[in-house]
Amino acid sequence: MKRAFTLIELLVVIAIIAILAAILFPVFASAKAAAKKTAALSNQKQISLGILMYIGDYDDTYPRRSGCELNSSINPVLNDGTLRCSAGTGFGHSMTWQTWQKYPMPYIKSTDLFFHPMRTRNTTEWSTNGQILNSFVINLALVGASSASFQSMPWTGGTQTSIPNVASTMLLMEMPNTYAVPFVVRSGSAVNGVETVYPLAIREYWQRIVFKVTGTDNCGTTNEVDPVGAPAGGVTVGFADGSAKFVTAGKLVANSPTAMEYIGTAYPFGAFSSNCRRTTNVVAYSGGLTTPNTSLTYPFWGIGQ
């Protein structure tokens, strides 16, 4: 005669399973997050190497172009023979800083590498403009930016060899809600239509990107890492020598001078006065700034040795 389980026995088994699930699910989630973090680092490394190969073919010069090229989108769906460089058709064939991925793409040969595995993909930007928002970004202070309305030249000259310490200088990293790391431009610096630009190496700005903020103007900061600004507790960084590593939120902030050190002005200033965390699709910040102090030693930003 077979003996059936009693209700008490079934409840005990269910309780044991629930306890094991409560213990193991966080472990599984942590393992999944660690795997994505490793994948992000690998992606960043491949992109960094792609940039290195690009400048190897272009006389040591980082990509800095504008205009449109038919069927140049890295989203193949947009390469249908229609020129896409206007609000009506989208900007899939633009060659400006918003689509910097086009330049290392021939060496990387995979659009998947440009999408950060821990960040939410902006499907509208991708499907409409072939642009990648909220993922890996390029440091415009090192490469410059061009458009129909302005031309910019990095204070270092826009080449790899002009960077004092390539192994320590950030060329690429991850950042939310934008296509590239903006630069600082000194007001009135344009000569013959070309402006000189500097790194956005301002500690207070980056505090408000990677840490949680308070207040309607986002000017208050906390010690808690922001899951959007730094989803793994920091950011993946690609350096100018082609290497890549993970940098914690605290380290990123410490690697940056204060606004008073760098530009002699208290933060916030100019465009930041109404929103200390302003990030969305911005190429430059000015606000009547004088020339930043590049005699400081902050190699993460290419400043000093």
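Of all heavy-atom pairs between M175 and T178, the closest is SD-CG2, 3.8 Å. The shortest heavy-atom contact between P299 and N165 is CB-ND2, 4.4 Å.
For the residue pair Y179 / Q131, a side-chain donor-acceptor distance below 3.5 Å is found, with atom types taken as modelled. Of the N and O atoms on the side chains of S73 and N75, not one donor lies less than 3.5 Å from an acceptor on the other residue. Judged purely by distance below 3.5 Å, without hydrogens or angles, the side chains of D60 and T161 pair a donor atom with an acceptor atom.
Between Y107 and Y54, the ring planes lie perpendicular to each other; the angle is over 60°, past the 30° to 60° tilted range.
Hydrophobic cluster membership is shared by W155 and I263, with clusters built from Ile, Leu, Val, Met, Phe, Trp and Tyr side chains linked at under 4.5 angstrom. In terms of hydrophobic clustering, with Ile, Leu, Val, Met, Phe, Trp and Tyr side chains grouped at heavy-atom distances under 4.5 Å, F300 and L41 are assigned to different clusters.
Counting only distance, with no hydrogens or angles, the side chain of E261 and the backbone of T258 share a donor-acceptor pair below 3.5 Å. Side-chain atoms of W206 come within 3.5 Å of backbone N or O of L200 as a donor-acceptor pair. Between the side chain of R64 and the backbone N or O of G144 there is no donor-acceptor pair closer than 3.5 Å. A donor-acceptor pair under 3.5 Å links the side-chain atoms of Q44 to the main chain of T236, judged by distance alone. Side-chain N or O atoms of S152 include one that pairs as donor or acceptor with a backbone N or O of A145 at under 3.5 Å.
In summary, the aromatic rings of Y205 and F272 are positioned with their centroids under 6.0 Å apart.
Annotation: D57, atom CG; neighbour count of heavy atoms from other residues, nucleotides and ligands within 6.0 Å is above 12.
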Practice task
Show your working on salt bridge (charged side-chain N to carboxylate O under 4.0 Å, His left out) between D226 and R277 and close with a plain yes or no.
Solution key: CA-CA 12 Å; D226 186 272; R277 199 191 220 182; 2.9 Å; yes
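None of R84, K102, H93 except one satisfies the side chain to side chain donor-acceptor pair (under 3.5 Å) rule with S72; the exception is K102.
Here T111 pairs with I74, M105, W126 under the side chain to side chain contact (heavy atoms under 4.5 Å, CB included) rule; sequence neighbours left out.
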